[in-house]
Protein chains: 2
Amino acid sequence: MKRFRIQQSGQGEQDRQLMFSLVNAGRAIEQRLEDALAGVGLSLAKFGALTHLMEAGEPLNLSECAKKMTCVRSNITQLMDRLEADGLVRRVDDPQDRRAVRAAVTELGAERQAAGAKEVAKVQAALAATLNGTDHGALQRALSAIK
Amino acid sequence: MKRFRIQQSGQGEQDRQLMFSLVNAGRAIEQRLEDALAGVGLSLAKFGALTHLMEAGEPLNLSECAKKMTCVRSNITQLMDRLEADGLVRRVDDPQDRRAVRAAVTELGAERQAAGAKEVAKVQAALAATLNGTDHGALQRALSAIK
DNA sequence: TATAGATAATTCATATATGAAACGTTTTCG
DNA sequence: CGAAAACGTTTCATATATGAATTATCTATA
């Protein structure tokens, strides 16, 4: 005798679920990062900017910052205003190009970035623990396909 | 003879990669949804609010909206201002509680929500295609663990 | 070389989000 | 009953993000 599956979810419903789970997981991790970084006086945006500047090892044009952070330049203008107000970055003139402004990390900024990196590492470890029953390689491959 | 693995990434580095891939994947999907919804005059925030109201089938308190959308109430105040300016929602008095304001979807709002749902379905289908070599069940379970 | 176009940064308007403070209304309880 | 607490919404200040318009400077070329 033929049975009808009760509570069956169609493929479309599962796809929708998966899509929103991806969005929600991303947001949840962002929130964990924001919370952890708030403990050392940083936001994720500020930490990201400081990290790119530290990795570059030298002051960067605001346009270069925008490229590295994949955002528009007017966003960087404002972010640098806030970082400068916090004393974490200084705007310096570019002697080669008088249109340009370069962002230099201050000593306090470098310390703050290092403290932030420790907080990020904790979130990262907690996430790894959460995902300990998962094939990390497969997950990484799936996520990398999403552009 | 013992070999040294060149270019080996430590576990920590892979964990960091995975964490940021999750954040980036979530943002990428949000961006796809924003782009698709922009085509019918909606943002993801507006579509979400309209969808919750349509699912409820009746006007909802702004506080109830905030709870469903997991955001603070002042955010809903502003979102409703914009939805009202668009003619997609109307604020109506709650006769039971004179403090409360309820959001009612207009006819135009209902049409717009339906159009948005079609756009969302397209994004969803494209994502499913992108993930066609992946074990959706395993991915869903991993994502659901992230809170 | 003069100028037209490209480029760097900022300003402004706007959208989305949070959290604190203010305000009116409702509920609770001494 | 009446005061205090709780509740619902809004307002304000702020952070983050986008995109258009503006200003200053630089570069290429007619």
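We name chains A, B, ... by the order of the sequence lines, and we start the count at 1 in each one.
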Whole Å only: how far is the CE atom of A:Met80 from the P atom of C:dT11?
15 Å

Counterpart residues, side-chain hydrogen bond (donor to acceptor under 3.5 Å, both in side chains), relative to B:Asp81 (two or more places apart):
B:Arg91

With sequence neighbours excluded, residues passing side-chain hydrogen bond (donor to acceptor under 3.5 Å, both in side chains) with B:Arg32:
none

Rounding to 10 degrees, work out the angle separating the end axes of the helix from C:dT1-D:dA30 to C:dG30-D:dC1 (five pairs an end).
10°

Residues in residues 107-124 of chain A with a heavy atom under 4.0 Å of DNA chain C, by number, are none

Is it the case that the side chain of A:Thr106 and the backbone of A:Gly87 share a donor-acceptor pair, with hydrogens and angles ignored and the cut-off at 3.5 Å?
yes

Between the protein and nucleotides 14-16 of chain C, which nitrogen or oxygen pairs come in under 3.5 angstrom?
unit_1 : atom_1 : unit_2  : atom_2 : d
C:dT16 : OP1    : B:Ser43 : OG     : 2.4
C:dT16 : OP2    : B:Arg82 : NE     : 2.2
C:dT16 : OP2    : B:Arg82 : NH2    : 2.7
C:dT16 : O5'    : B:Arg82 : NH2    : 3.4

Sub-3.5 Å donor-acceptor pair from the side chain of B:Asp94 to the main-chain atoms of B:Gln96, do we have one?
yes

Check: B:His136 side chain, B:Leu131 main-chain N or O, donor-acceptor pair, under 3.5 Å:
yes

In this structure, OG1 of A:Thr134 is separated from CD1 of B:Ile146 (nearest 0.5 Å) by 8.0 Å

Starting at atom CD of B:Gln96, determine the distance to atom P of D:dG8, rounded to an integer number of angstrom.
14 Å

Which part of the nucleic acid does B:Arg91 contact within heavy-atom distance under 4.0 Å: base, sugar-phosphate only, or nothing?
sugar-phosphate

Heavy-atom donor-acceptor pair, B:Asp93 side chain to B:Pro95 backbone, under 3.5 Å
no

My understanding is that only residues two or more places apart in sequence, or in another chain, count here; which of them pass side-chain contact (heavy atoms from CB on, under 4.5 Å) with A:Ala36?
A:Glu119, A:Val123

Is B:Gln124 reaching over with its side chain to a backbone N or O of A:Gly12, donor-acceptor style, under 3.5 angstrom?
yes

Going by the rule side-chain hydrogen bond (donor to acceptor under 3.5 Å, both in side chains), which residues pair with A:Asn24 if we only count those two or more places apart in sequence or in a different chain?
none

Got a list of side-chain donor-acceptor pairs under 3.5 Å for residues 46-71 of chain B, not counting sequence neighbours?
unit_1  : atom_1 : unit_2   : atom_2 : d
B:Lys46 : NZ     : B:Asp86  : OD2    : 2.7
B:Thr51 : OG1    : B:Phe47  : O      : 2.8
B:Thr51 : OG1    : B:Gln113 : NE2    : 2.9
B:Glu64 : OE1    : B:Asn61  : N      : 2.9

Contact class for A:Val72 vs. all strands (heavy atom < 4.0 Å): base, sugar-phosphate, or nothing?
base

Of residues 61-71 of chain A, the positions that come close to DNA chain C - non-hydrogen atoms, cut-off under 4.0 Å:
A:Asn61, A:Leu62, A:Ser63

For nucleotides 20-25 of chain D, give me every protein contact, N/O to N/O, under 3.5 Å, one pair per line with atom names.
unit_1 : atom_1 : unit_2  : atom_2 : d
D:dT25 : O2     : A:Arg99 : NH1    : 3.4

Which pairs, with at least one residue in residues 16-30 of chain B and sequence neighbours excluded, count as a salt bridge (charged side-chain N to carboxylate O under 4.0 Å, His left out)?
A:Arg27-B:Glu30, A:Glu30-B:Arg27, B:Glu13-B:Arg16

Quick check: closest heavy atoms across B:Ala110 and B:Val105, and the distance to 0.1 Å?
N-CG1, 3.4 Å

Looking only at heavy atoms, the pair that brings A:Ser43 and A:Glu34 closest together is CA-OE1, 3.6 Å

A:Ser144: which residues meet the side-chain hydrogen bond (donor to acceptor under 3.5 Å, both in side chains) condition with it, sequence neighbours left out?
A:Gln140

In whole angstroms, how far is the C1' atom of D:dT18 from the CZ atom of B:Arg27?
14 Å

